[in-house]
Amino acid sequence: MNFKKELINWYSINKRELPWRATQNPYYIWLSEIILQQTQVKQGLPYYNAFVKQYPSVFDLANASEEAVLKLWQGLGYYSRARNLHTSAKYIANELNGVFPNTYKDLLKLKGVGDYTASAIASISFNEVAAVVDGNVYRVLSRYFGINTPINSTEGIKEFKALASSLIDTEQPASYNQAIMEFGARQCKPQSPDCNICPINDGCIALQKNLVNALPVKLKKTKVTTKYFNFLVCIDKDKNILFEKRKQKGIWQNLYQFPLIESKKSLAAEDFHLLNLESTVLDSVDFDYALYNEADKVHKLSHQHLYTKFWIIEVEQLPETAISIKSLKKYPAPVLISSFIEEFNF
DNA sequence: AAGTCGGGGCG
DNA sequence: CGCCCAGACTT
């Protein structure tokens, strides 16, 4: 058997039963593909089930509020995916009368849908011959063909897309695409793959040249920056609390948090004055304060390390913008904040 | 072409 | 601790 037939055969035997593999409905395929971007199946699966249950059709998703969509997405990360998902749902429901785009070219017009996702939906839902290239495909192809072009270089992206397009089974593109991805995820794994039981080990260049652990090649890691966050947990006698939407672009856009003041170093209890509250709502108001955590809560993201303090501030009366403490959990919030809310238990 | 955007899991 | 994950978008 050749490369593509071996992969499809391996897939027919080893594929996992997953809910999005029991349908060709483009709405469900789209949902699964967005959720699974840069996300492992195990992490994304419960979110997929929750979205299908909460929003059975694209109209249900379109008619939801962005806040409700973000709340359901809470904890999954890369929140622009949720915002774009909602934007595209409204576009499909309202501009396209609910008729899902059915070609690679038209799918690309959806916000949050790039080359990979357009290819995945086009092939899986509509059987279009469009080759997917995700992290799994980069790994399988770079190893099997012994290609050391960096997968995240402009040249590498072109080269691997062309190679994948030349390999796809034009008779069964849906099966081929899912086969090579599943093969990469389960057999041709990043770390210590068992090449002894690999069905295509006889033709694998990386195995012959002992380069399995050296491929694929990826350029430069992202630089990690360190930040010091101070969250002001402001509570009043009526059990109201300040909780704000992050409106600026960047991390956690449109999610909610306690008023935040960044500092240049990790603050101790006696450094409270460094927060400079003179220009805030707390100016000329009597309050008591306490530092909740002496040791920073460290929240590590892929490109930022956040060293975080929570300051508990009690005042007589907060302004009208405050919300009730018991409604806190209704709002979408970063894991860092929702974890604190659980732990503090108000 | 390089940065940005989350959070979890693994060795 | 660094790397990876069914990547896309902005600058």
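Computed from heavy atoms alone, side chains included, the values below leave out hydrogens, waters and symmetry copies. Lettering of chains follows the sequences in order, A, B, ..., and the numbering in each one begins at 1.
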Distance test, side-chain N/O of [X] to OP1/OP2 of [N], below 4.0 Å:
| X | N | answer |
| --- | --- | --- |
| A:Trp252 | B:dT4 | no |
| A:Lys300 | C:dC1 | yes |
| A:Tyr79 | B:dG7 | yes |
| A:Gln38 | C:dC5 | no |
| A:His303 | B:dC5 | yes |

Options [options], nucleotide nearest the side-chain atoms of [X]:
| X | options | value |
| --- | --- | --- |
| A:Ile251 | C:dT10, C:dC1, B:dG6 | B:dG6 |
| A:Thr39 | C:dA6, C:dG7, B:dG6 | B:dG6 |
| A:Lys218 | B:dC5, C:dC4, C:dA6 | C:dC4 |
| A:Lys249 | C:dT10, B:dG6, C:dC9 | C:dT10 |
| A:Tyr116 | B:dT4, B:dG7, C:dG7 | C:dG7 |
| A:Leu36 | B:dC5, C:dT11, C:dA6 | C:dA6 |
| A:Tyr78 | C:dA6, B:dC5, C:dT11 | B:dC5 |
| A:Arg139 | C:dC4, C:dT10, B:dG6 | C:dC4 |
| A:Pro334 | B:dG7, C:dA8, C:dC5 | B:dG7 |

Subject >> Aromatic contact, A:Phe231 with A:Tyr292 (centres under 6.0 Å) >> reply: no

Subject >> 5′-ward residue of the pair A:Leu108/A:Ile124 relative to DNA chain C >> reply: A:Ile124

Original post:
On DNA chain C, nearest-nucleotide positions of A:Gly112 versus A:Arg16: which is more 5'?
Top reply: A:Arg16

Give one of base, sugar-phosphate or nothing for [X], where a contact means two heavy atoms less than 4.0 Å apart.
| X | answer |
| --- | --- |
| A:Gln178 | nothing |
| A:Asn177 | nothing |
| A:Val132 | nothing |

Subject >> Given DNA chain B, 5'-ward residue of the pair A:His299 and A:Gln191, judged by closest heavy atom >> reply: A:His299

**OP:** Find which nucleotide of DNA chain B each of A:Lys42 and A:Gln37 is nearest to by heavy atoms, and output the residue with the more 5' nucleotide.
**Re:** A:Gln37

Taking the [atom1] atom in each of [N] and [M], what is the distance between them to the nearest angstrom?
| N | M | atom1 | value |
| --- | --- | --- | --- |
| C:dA6 | B:dG3 | P | 25 Å |
| C:dA8 | B:dG9 | C1' | 23 Å |
| C:dT11 | B:dG6 | P | 15 Å |

Original post:
Has the side chain of A:Thr117 got a donor or acceptor that lies under 3.5 Å from a partner of the other kind on the base of C:dG7?
Top reply: no

Original post:
Is there a donor N/O on one and an acceptor N/O on the other, under 3.5 Å, for the side chain of A:Arg83 and the base of C:dA8?
Top reply: no

Gap between atoms [atom1] and [atom2], on [X] and [N] respectively (whole Å):
| X | N | atom1 | atom2 | value |
| --- | --- | --- | --- | --- |
| A:Lys223 | B:dT4 | NZ | P | 8 Å |
| A:Asp134 | C:dC5 | CG | C1' | 9 Å |
| A:Ile151 | C:dA6 | CD1 | P | 12 Å |
| A:Ile35 | C:dG7 | CD1 | P | 13 Å |
| A:Leu110 | C:dA8 | CG | P | 12 Å |
| A:Glu33 | C:dA8 | CD | C1' | 14 Å |
| A:Lys220 | C:dG2 | NZ | C1' | 17 Å |
| A:Arg21 | C:dA6 | CZ | P | 10 Å |

Subject >> A:Asn49 side chain near A:Pro19 side chain, heavy-atom distance below 4.5 Å >> reply: yes

Original post:
Considering only heavy atoms from C-beta outward, does the side chain of A:Phe126 approach that of A:Pro26 to under 4.5 Å?
Top reply: yes

**OP:** Test A:Thr117 against A:Glu33 for side-chain hydrogen bond (donor to acceptor under 3.5 Å, both in side chains), laying out the working first.
**Re:** CA-CA 6 Å; A:Thr117 304; A:Glu33 293 300 343; 5.5 Å; no

**OP:** Could you label the plane-to-plane angle of the A:Phe258 and A:Phe340 rings as parallel, tilted or perpendicular, counting under 30° as parallel and over 60° as perpendicular?
**Re:** perpendicular

**OP:** Kindly say whether A:Ala64 contributes a backbone atom to a donor-acceptor pair with the side chain of A:His86 at under 3.5 angstrom?
**Re:** yes

Subject >> Path from A:Leu141 to A:Ile157 over hydrophobic side-chain contacts below 4.5 Å >> reply: yes

**OP:** Take A:Phe229 and A:Tyr307 through the test side chain to side chain contact (heavy atoms under 4.5 Å, CB included) and record every step on the way to the result.
**Re:** CA-CA 6 Å; A:Phe229 280 5; A:Tyr307 291 78; over 6 Å; no

